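Each ligand, and each atom within it, is numbered from 1 in the order the structure gives. In this text, all values refer to a predicted model and were calculated from it rather than measured experimentally.
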Amino acid sequence: MTEYRIVRANILHLVGIDRIEKACFPIPWSTDLLLNSILSDEYSTFVAISGKKVIGFGIMMQNYDESHIMNVAVDSGHRRSGVGSAVMEALIDESRRRGLYDITLEVRASNAGAIALYEKYGFRTEGVRREYYSDNHEDALIMWLHLNKDEHNEDNC
Ligand SMILES: CC(C)(COP(=O)(O)OP(=O)(O)OC[C@H]1O[C@@H](n2cnc3c(N)ncnc32)[C@H](O)[C@@H]1OP(=O)(O)O)[C@@H](O)C(=O)NCCC(=O)NCCS
């Protein structure tokens, strides 16, 4: 089992994030956009680090009072060992920390693994964007998680 920890991303992680982004997605974010997600207050980006290597990451963006999960990806050699879950937990915790209780994301309709991961955290499909992805005209599912505002928040203890 790989040992890893989840930390807030900084500029030193950019190369590792970029490598995974380009390997995982047919329409990857540019390096400049990834850099912005590390530097801008609008975003929170977390990485899973094993030794000094980035093995996964996740990005959330604050949009008024909503949290948008923009990207979650794990190096192909480290999947199905809980890294994606740990990244999701960091993004959900961060949303709560920012006072954002409605969290949304878009996912390719065929991406059963990611959908299963999101459902594990309570996300449910509430809409569809038809032929959203330009590479293969695949539909995007719009998933939402509505957190309970009154739920115990360990950060306040
Ligand atoms: C989706 C992704 C982030 C999951 O990361 P991961 O580290 O493998 O996830 P975890 O090990 O934490 O998996 C947690 C649960 O999600 C579900 N899951 C994850 N991958 C799955 C798959 N390929 N098939 C079915 N269920 C899957 C399972 O319920 C899993 O629990 P289990 O392993 O106990 O059965 C990873 O597969 C990935 O990077 N894919 C490519 C990029 C991508 O598609 N990102 C999502 C974009 S919207």
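- Residues Thr104 and Ile142 meet the side-chain proximity criterion, which asks for heavy atoms closer than 4.5 Å.
- When only interatomic distances are considered, the shortest N/O to N/O separation between Ser85 and ligand 1 falls below 3.5 Å.
- In Ser81, the part holding a heavy atom less than 4.0 Å from any atom of ligand 1 is the backbone.
- Using modelled atom types, one side-chain atom of Thr45 and one backbone atom of Ser37 make a donor-acceptor pair closer than 3.5 Å.
- Under the 4.0 Å distance rule, the nearest protein heavy atom to atom 31 (O) of ligand 1 falls outside the cut-off.
- Neither side chain, Ser44 nor Arg97, offers a donor N or O lying under 3.5 Å from an acceptor on the other.
- With hydrogens left out, the protein atom closest to atom 39 (O) of ligand 1 is Val74 N, 2.8 Å, a heavy atom.
- Considering Ile6, Ile20, Val54 in turn, Val54 is the only one that fulfils the side-chain contact (heavy atoms from CB on, under 4.5 Å) rule with Val47.
- What sits closest to atom 8 (O) of ligand 1 on the protein, heavy atoms only, is Arg80 N, 2.8 Å.
- On a distance-only criterion, Val72 and ligand 1 share at least one N/O pair closer than 3.5 Å.
- Nearest protein heavy-atom contact of atom 2 (C) of ligand 1 is Leu117 CD2, 4.4 Å.
- A donor-acceptor pair under 3.5 Å is absent between the side-chain atoms of Glu89 and the main chain of Leu91, judged by distance alone.
- Distances between N or O atoms of Val107 and those of ligand 1 include no value under 3.5 Å.
- In this structure, the side chain of Glu138 engages the main chain of Ser110 through a donor-acceptor pair within 3.5 Å.
- With a heavy-atom cut-off of 4.0 Å, Tyr118 touches ligand 1 through its side chain alone.
- Ser50 contributes no side-chain N or O that, together with a main-chain N or O of Lys53, makes up a donor-acceptor pair within less than 3.5 Å.
- Looking at Cys24 next to ligand 1, no N or O pair under 3.5 Å apart turns up.
- At a heavy-atom cutoff of 4.0 Å, ligand 1 is contacted by the side chain of Asn111 but not by its backbone.
- Residue contacts with ligand 1: Lys120 is placed with no nitrogen or oxygen under 3.5 Å of a nitrogen or oxygen of the ligand (distance criterion only).
- Under a 4.0 Å heavy-atom criterion, Ala112 is not in contact with ligand 1.
- Considering only non-hydrogen atoms, atom 19 (C) of ligand 1 lies nearest to Gly113 out of Gly113, Gly82, Ala140.
- No side-chain donor-acceptor contact under 3.5 Å links Asn71 to the backbone of Gly58.
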